[in-house]
Amino acid sequence: MPTYQQFPLPDAGEGLTEAEIVEWHVAVGDTVTVNQTIVEIETAKSLVELPSPWSGVVSRILVETGTTVDVGTPIIEIDTDPHGQPAPALPPAPAAGAIAHGHHGGEATHVGVEPGGADEIASARAVSPEAAPPTERQAVLVGYGLAEQDGPRRRRSAQDAATPAAPVPAPAPAAAPAAPAPAPVQTVVTVTAATRHALAKPPVRKLARDMGVDLDSVSPTGPGGIVTREDVLAQAAQAEGRTLATYPGDVDPWLASGIVSADGRQTRVPVKSVRKRTAEAMVASAFTAPHVTVFHTVDVTRTMKLVETLRADREFADVRVTPLLVAAKALLLAVRRHPEINASWDEARQEIVYKHYVNLGIAAATPRGLVVPNIKDAHRLGMKDLAQALMGLTATARAGKTSPTDMSDGTITITNVGVFGIDTGTPILNPGEAAILAFGAIREQPWVHKGKIKVRHVTQLALSFDHRLVDGELGSRLLADVAAVLADPARGLVWG
């Protein structure tokens, strides 16, 4: 007898309570092995691939793609003893070209069938999932049988799949003809919603013409499927909404999961995953930790020269050297000189927790939202190792593969707002940390250098800190030290 095992959604890390099913890597009937990746889920922090805990055959997919489920909810069923009895099979898909029952509002309408010979009927029935994908419909051309389709075929909708197919009538027995003659060809005509003409009264048709509305694209609400005046006005309003400056289109990923209002002027997208977690964390941080921000404008011309020198160095040929790398190293050196800033506030126990290690967070903008992975034990890394860690961290974040572990236990963060051409800002603390440094855009500006006005590379730094932990003096001294290293990177040799 078969043995069915249901796999519940596990906690992907740090006590998360829910996750969204992003993509299934298996289907019903597939054979899986232990530790084979079966599904990709999105938690509030990252994308996670889940392996199969058993070997066997997939008998059921219990949760559809795009669904958010709670931890512990069964998401897949696997037959771990498939040899005892075949796994339940999906209902067979209707053959392409089959005739659907006719109805006015449906996707397909039965127009008519001309009786033909046995060979033609068999030919029409031979169009099976092996000949055409089950998600596509292949029509029979009048008088020519099945046609070669060079262009893309129309996708079957959920209504196509739900509409039962009427059986093709069997040919009546007939005596053999005295002389061979070509048998008549069976004709099957499929009418879809895209080719069906809308029903509307003349005044409504004139209104649609005047407003530039295609009647065939309007969803009718009148009796018997008639398009009403209100239907045309609603379609026109929705089309007008889609021409607004802030409506880029239906294909944009940040709008794909939303619901467009009837007039097309709004799209409501549910808050979930990374965006939800970020919002909760930022609100908690902003209204829990009293933020103070200090600023510093600094000449970084020598830092830019160092970047060019390192780019030409063979030791750094396989890594990406940027001003952010020097700024990260400068922050690590400053933290070493002022270790009391590397701390967190324990509200429950009313304690300050000082960290004797630096897990350097790098705020990264990704298609899924803002994430802040951190480089573990960054204080131990030299310049090249730090550059490699930055490259790996950034690539993983952009690919959406940052794990919850990579974003946990950060101690201090740097955010590079300069990559967007922004001079500075007042960053909000990453929860659990005492300080965050904003690194602004580097611009060529007139600057007083050695008593003369010269064109120099200048940037602005901003340091936000938790005033419960960090006094104004400590925050200012840390920022001044970061600026000092960026102004003269050689100072890092003395402080390092």
Over 12 non-hydrogen atoms of neighbours within 6.0 angstrom of CD in Q350
yes
Looking only at side chains, do S403 and D406 share a donor and an acceptor under 3.5 Å apart?
yes
Work out which heavy atom in I75 is nearest to a heavy atom in V69; give both atom names and the distance.
CG2-CG2, 4.3 Å
Taking atom CZ of R477 as the centre, does the number of heavy atoms from other residues, nucleotides or ligands within less than 6.0 Å exceed 12?
no
Return the NE2 to CG distance between H379 and L360, rounded to the nearest 0.5 Å.
11.5 Å
Pair I436-I428, side-chain contact (heavy atoms from CB on, under 4.5 Å): steps then yes or no
CA-CA 7 Å; I436 179 172; I428 296 179; over 6 Å; no
Hey, are the side chains of P10 and L50 touching, using non-hydrogen atoms and a 4.5 Å cut-off?
yes
Evaluate side-chain contact (heavy atoms from CB on, under 4.5 Å) for F7 paired with I38, printing each intermediate quantity in order.
CA-CA 11 Å; F7 179 40; I38 57 175; 3.9 Å; yes
The reported gap from OG1 in T80 to CD in Q5 (rounded to nearest 0.5 angstrom) is 5.0 Å
Within the structure provided, determine whether V26 and T31 are in side-chain contact (heavy-atom separation under 4.5 Å).
no
Heavy-atom neighbours of L493 CG exceed 12 at 6.0 Å:
yes
Could you grab the distance from atom CG of L474 to atom CD1 of I341, nearest 0.5 Å is fine?
4.5 Å
side-chain contact (heavy atoms from CB on, under 4.5 Å) with I422: which residues, sequence neighbours excluded?
V417, F420
Give a yes or no on whether the backbone of S285 and the side-chain of T288 come within a donor-acceptor separation of less than 3.5 Å.
no
Under 4.5 Å between any side-chain heavy atoms of F465 and L463, yes or no?
yes
Side-chain donor-acceptor pair under 3.5 Å between Q36 and S52, yes or no?
no
Test log, rule side-chain contact (heavy atoms from CB on, under 4.5 Å), inputs R380 and I375
CA-CA 10 Å; R380 300 179 183 273; I375 301 171; over 6 Å; no
Going by atom types only, do D81 and Y4 share a side-chain donor-acceptor pair under 3.5 Å?
no
Do N374 and D409 have side chains that get closer than 4.5 Å, going by heavy atoms?
no
For the pair T68 (side chain) and E20 (backbone), establish whether a donor and an acceptor sit closer than 3.5 Å, ignoring hydrogens and angles.
no
Can you check whether I41 reaches L9 side chain to side chain, under 4.5 Å on heavy atoms?
yes
Within 6.0 Å of CD in E64, more than 12 heavy atoms from elsewhere:
no
Quick check: are there more than 12 heavy atoms from other residues, nucleotides or ligands sitting under 6.0 Å from CZ of R456?
yes
Less than 3.5 Å apart, which donor and acceptor atoms pair up between the side chains of residues 382-396 and the rest of the protein, not counting sequence neighbours?
{"residue": "K384", "atom": "NZ", "partner": "E315", "partner atom": "O", "Å": "3.1"}
{"residue": "T394", "atom": "OG1", "partner": "L390", "partner atom": "O", "Å": "2.8"}
{"residue": "T396", "atom": "OG1", "partner": "G392", "partner atom": "O", "Å": "2.9"}

For side-chain contact (heavy atoms from CB on, under 4.5 Å), just list the numbers for F439 and L486, CA-CA rounded to whole Å, side-chain angles, deciding distance to a tenth of an Å, and then say yes or no.
CA-CA 11 Å; F439 184 45; L486 290 174; 4.2 Å; yes
Within 45° of the six-membered ring axis of W495 and under 6.0 Å from that ring's centre, is NZ or CZ of R337 located there?
yes
Determine whether L324 and I414 make a side-chain contact, defined as any pair of heavy atoms from C-beta on separated by less than 4.5 Å.
yes
May I have the step-by-step check of side-chain hydrogen bond (donor to acceptor under 3.5 Å, both in side chains) for D299 and H457, ending in yes or no?
CA-CA 6 Å; D299 176 2; H457 289 91; over 6 Å; no
Minimum heavy-atom distance V213-A236, with the two atoms named
CG2-CB, 3.9 Å
Carboxylate-amine/guanidinium contact K355 E433, below 4.0 Å:
no
With a 4.0 Å cut-off on N to O distance, would you call E308 and K305 a salt bridge?
no
CG of L461 to NE2 of H296, rounded to nearest 0.5 Å, is 7.5 Å
Where do T411 and N342 land on the side-chain hydrogen bond (donor to acceptor under 3.5 Å, both in side chains) test, with the steps shown first?
CA-CA 6 Å; T411 63; N342 196 44; 3.0 Å; yes
Distance-only donor-acceptor check, side chains T426 and T293, under 3.5 Å:
no
Heavy-atom pair of closest approach, residues L310 and F316:
O-CB, 3.3 Å
4.5 Å side-chain heavy-atom contact, V335 and I412
yes
Distance alone, cut at 3.5 Å: any donor-acceptor contact between the side chains of H338 and D481?
yes
Please check if the number of heavy atoms outside R311 that lie under 6.0 Å from its CZ is greater than 12.
yes
Heavy-atom closest pair, residues D466 and A289:
OD2-CB, 3.5 Å
Distance-only criterion, 3.5 Å: show the donor-acceptor pairs between side-chain atoms of residues 440-448 and protein atoms not counting sequence neighbours.
{"residue": "R443", "atom": "NE", "partner": "D423", "partner atom": "OD1", "Å": "2.7"}
{"residue": "R443", "atom": "NH2", "partner": "G421", "partner atom": "O", "Å": "2.6"}
{"residue": "R443", "atom": "NH2", "partner": "D423", "partner atom": "OD1", "Å": "3.1"}

With a 4.5 Å limit on heavy-atom distance, are the side chains of L306 and V326 in contact?
yes
What's the shortest heavy-atom distance between H291 and A286, and which atoms?
CE1-CA, 4.0 Å
